[in-house]
A.B. asks: 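Handing you a structure now.
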Protein chains: 2
Amino acid sequence: MFSIGELSKRTKVKVPTIRYYEEMGLLPEAERTAGNQRRYDKAGLERLSFIRHARDLGFSIEAISSLIELQNHPDRSCEAATDIASSQLADVRAKIKRLRTLEKELSRISKGCDGEGVSEDCYVLASLADHNLCDHEH
Amino acid sequence: MFSIGELSKRTKVKVPTIRYYEEMGLLPEAERTAGNQRRYDKAGLERLSFIRHARDLGFSIEAISSLIELQNHPDRSCEAATDIASSQLADVRAKIKRLRTLEKELSRISKGCDGEGVSEDCYVLASLADHNLCDHEH
DNA sequence: TATACAGTCTCTAGTAACTAGAGGTTCAAG
DNA sequence: CTTGAACCTCTAGTTACTAGAGACTGTATA
């Protein structure tokens, strides 16, 4: 049995965040000492590691709740879990695509002022003001 | 002179968002009719288009404030604006990098349950529970 | 000119996923 | 037994909006 601070150290999840997860129902209510402090065991550690890892991968709290829900009902859980993971993957791919477009435009914009040439007016500001300077939509 | 709804239609920025931008100081306080309704002109339209475009590119409200500030003090504005754009670019690139890592792991995870083989336990859940299944850090 | 009704106004509260701080209590080491 | 770090709850703040209540305005039509 260890304290919330200990759990925090081991999982790299901040103390207030752990309490927040408990409040959100991601973690079961922790056992308490006589003095009302939370105590955790190995199961708690594993559960929080699971959550941490899923959060790192960008799963929302809601998605993680569903995954935990599935763990408790192992029938058909694999398909449903795969669905959640796939949709997360689609999400990530969409974000990457969008960011690549932005990257192109931003690198074009911020190259504008480098060196000589375009210094009459600020190219950055002009680019942002006039969308026609883009070669694509958004 | 046109109404906030008209401005909204032309810029694709929602009405409450326009009011929000005004409150945040991104837009100057709009002129009002006798009946207290906002009225805009071409300048307002351009300013909001600028903001919209910058937001689309992922600039924060704060960064946009700085850019607007710079427009009002054209001395040295170009360098400072380029700095803001470059840092935005660095940000975008970092995000892309991170997302690529996630993409790899997620695609590995969600492939797990496809077809035959690993169906004893759910591979998705196992992967999330056990970080050792990853071949990288995060 | 009267009326209907879409559009507008302000204000408050809610969203996601935390983070920070106040003010008070408990645990463990010396 | 005393100290002080760690813990407790509660409230409020963060970002960039979005939603809703309840009241007022502007304009098109009869």
Side-chain angles (χ1 to χ4, degrees), chain A residues 1-27 29-40 44 47-48 50-68 84 87-88 91-92 95 98 102 138, chain B residues 1-27 29-41 44 47-48 50-68 84 87-88 91-92 95 98 102:
Chain A
M1 298 299 261
F2 38 85
S3 70
I4 196 169
E6 191 54 33
L7 183 64
S8 168
K9 239 174 258 160
R10 296 201 201 183
T11 56
K12 319 269 188 238
V13 175
K14 286 180 193 151
V15 168
T17 305
I18 297 173
R19 291 198 274 249
Y20 171 75
Y21 287 160
E22 180 182 316
E23 203 188 353
M24 293 299 101
L26 288 193
L27 290 172
E29 298 201 358
E31 284 177 52
R32 303 289 184 124
T33 63
N36 199 34
Q37 299 194 354
R38 291 170 180 83
R39 283 301 112 103
Y40 299 90
R47 174 85 158 248
L48 184 54
F50 173 92
I51 295 169
R52 164 90 215 264
H53 191 185
R55 285 294 299 132
D56 274 351
L57 290 171
F59 287 86
S60 68
I61 297 274
E62 207 192 333
I64 297 172
S65 282
S66 309
L67 290 171
I68 288 174
I84 293 174
S87 112
Q88 184 61 25
D91 223 74
V92 166
K95 274 184 196 149
R98 180 170 158 73
L102 300 189
H138 50 221
Chain B
M1 296 301 260
F2 39 85
S3 71
I4 196 168
E6 190 55 31
L7 183 63
S8 168
K9 238 174 259 160
R10 295 200 200 183
T11 56
K12 319 267 188 239
V13 175
K14 285 178 194 151
V15 168
T17 304
I18 297 173
R19 292 198 273 250
Y20 171 75
Y21 286 160
E22 180 181 316
E23 203 188 352
M24 293 298 101
L26 289 192
L27 291 172
E29 298 201 359
E31 284 176 55
R32 302 289 184 126
T33 62
N36 201 35
Q37 298 194 353
R38 291 170 179 82
R39 284 300 112 104
Y40 298 90
D41 58 7
R47 175 84 157 247
L48 185 54
F50 173 92
I51 295 169
R52 163 93 217 262
H53 190 185
R55 285 294 298 134
D56 274 350
L57 290 172
F59 287 85
S60 68
I61 297 275
E62 207 193 332
I64 297 172
S65 283
S66 308
L67 290 171
I68 288 173
I84 293 174
S87 110
Q88 184 61 24
D91 222 75
V92 166
K95 274 184 196 149
R98 181 170 158 73
L102 301 188

A.B. asks: Measure from CZ on Arg39(A) to P on dT26(C) and round the result to the nearest Å.
C.D. replies: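 It works out to 13 Å between those atoms.
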A.B. asks: Do Tyr21(B) and Arg55(B) pass the side chain to side chain contact (heavy atoms under 4.5 Å, CB included) test, and can you show the C-alpha distance, the side-chain angles, and the key distance before you say yes or no?
C.D. replies: CA-CA 12 Å; Tyr21(B) 286 160; Arg55(B) 285 294 298 134; 3.6 Å; yes
A.B. asks: Round to the nearest Å and state the distance from Met1(A) atom CE to dA28(C) atom C1'.
C.D. replies: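 That distance rounds to 17 Å.
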A.B. asks: Would you please confirm or rule out a distance under 4.0 Å between OP1 or OP2 of dT18(D) and any side-chain N or O of Lys14(B)?
C.D. replies: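 True: Lys14(B) side-chain N/O within range (under 4.0 Å) of dT18(D) OP1/OP2.
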A.B. asks: Kindly indicate whether the side chain of Ile64(A), heavy atoms from C-beta on, has any atom under 4.5 Å from the side chain of Phe50(A).
C.D. replies: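 In short, these two side chains touch, coming nearer than 4.5 Å.
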A.B. asks: Is there a side-chain contact between Tyr40(A) and Leu48(A), using heavy atoms and a 4.5 Å cut-off?
C.D. replies: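 Of all side-chain heavy-atom pairs linking Leu48(A) with Tyr40(A), none is under 4.5 Å.
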A.B. asks: Do Arg38(B) and Ser3(B) have side-chain heavy atoms sitting under 4.5 Å apart?
C.D. replies: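 Not in contact.
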A.B. asks: Could you check which of dT19(C), dC7(D), dA17(C) has an atom nearest any side-chain atom of Gln37(A)?
C.D. replies: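 For the Gln37(A) side chain, the nearest candidate turns out to be dC7(D).
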A.B. asks: Select base, sugar-phosphate, or nothing to describe what Arg55(A) touches, counting heavy atoms under 4.0 Å on all strands.
C.D. replies: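 Sugar-phosphate contact only - Arg55(A) comes under 4.0 Å of backbone atoms but never of a base.
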A.B. asks: Nearest whole Å is fine: how far is dG26(D) C1' from Asn36(B) CG?
C.D. replies: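 The distance from CG of Asn36(B) to C1' of dG26(D) comes to 13 Å, rounded to the nearest Å.
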A.B. asks: Please determine, for the side chain of Ile61(A), which listed nucleotide (dT19(C), dC7(D), dC18(C)) has the closest atom?
C.D. replies: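 Among dT19(C), dC7(D), dC18(C), the one nearest the side chain of Ile61(A) is dC18(C).
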A.B. asks: Using atom CD of Glu6(A) as one end and atom P of dC27(C) as the other, report the distance to the nearest whole Å.
C.D. replies: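 Interatomic distance, CD of Glu6(A) to P of dC27(C): 16 Å.
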A.B. asks: Dump the intermediate steps for side chain to side chain contact (heavy atoms under 4.5 Å, CB included) on Ile68(B) and Arg47(B), then the final yes or no.
C.D. replies: CA-CA 9 Å; Ile68(B) 288 173; Arg47(B) 175 84 157 247; 3.4 Å; yes
A.B. asks: When you measure from the side-chain N and O atoms of Ser60(A) to the phosphate of dA16(C), is any distance below 4.0 Å, counting only OP1 and OP2?
C.D. replies: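 Indeed not, no polar side-chain atom of Ser60(A) lies that close.
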A.B. asks: Picking from dT25(D), dC7(D), dC18(C), which would you name as closest to the side chain of Ile4(A)?
C.D. replies: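 Selected nucleotide (nearest to the side chain): dC7(D).
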A.B. asks: Which is more 5' along DNA chain C, the nucleotide nearest Phe59(A) or the one nearest Gly5(B)? Just name the residue.
C.D. replies: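 Counting from the 5' end, the first nearest nucleotide belongs to Gly5(B).
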A.B. asks: OP1 or OP2 of dT18(D) sitting under 4.0 Å from any side-chain N/O of Thr17(B)?
C.D. replies: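 For dT18(D), OP1/OP2 do have a side-chain N/O of Thr17(B) under 4.0 Å.
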A.B. asks: Quick one: Arg32(B) CZ to dC9(C) C1', roughly how many Å, whole number?
C.D. replies: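 After rounding, the gap between these two atoms is 8 Å.
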A.B. asks: Base, sugar-phosphate, or nothing: which does Tyr21(A) touch, judged by heavy atoms less than 4.0 Å apart?
C.D. replies: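 Counting heavy atoms under 4.0 Å across all strands, the contact made by Tyr21(A) is with sugar-phosphate only.
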A.B. asks: Looking at dG26(D), I'd like to know if its phosphate oxygens (OP1 or OP2) sit under 4.0 Å from a side-chain N or O belonging to Ser3(B).
C.D. replies: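 The answer is no; no side-chain N or O of Ser3(B) sits under 4.0 Å from OP1 or OP2.
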A.B. asks: Would you indicate what Arg38(A) reaches in the nucleic acid, counting non-hydrogen atoms under 4.0 angstrom: base, sugar-phosphate, or nothing?
C.D. replies: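 It contacts sugar-phosphate atoms only.
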A.B. asks: Given atom CZ of Arg52(B) and atom P of dA16(D), what is their separation to the nearest angstrom?
C.D. replies: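 Result: 16 Å.
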A.B. asks: Rounded to whole Å, how long is the line connecting atom CZ of Phe2(A) with atom C1' of dA28(C)?
C.D. replies: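 Atom-to-atom, Phe2(A) to dA28(C), this comes out as 18 Å.
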A.B. asks: For Tyr20(B) and dT12(C), what is the distance between atoms OH and C1' respectively, to the nearest whole Å?
C.D. replies: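 After rounding, the reported distance stands at 16 Å.
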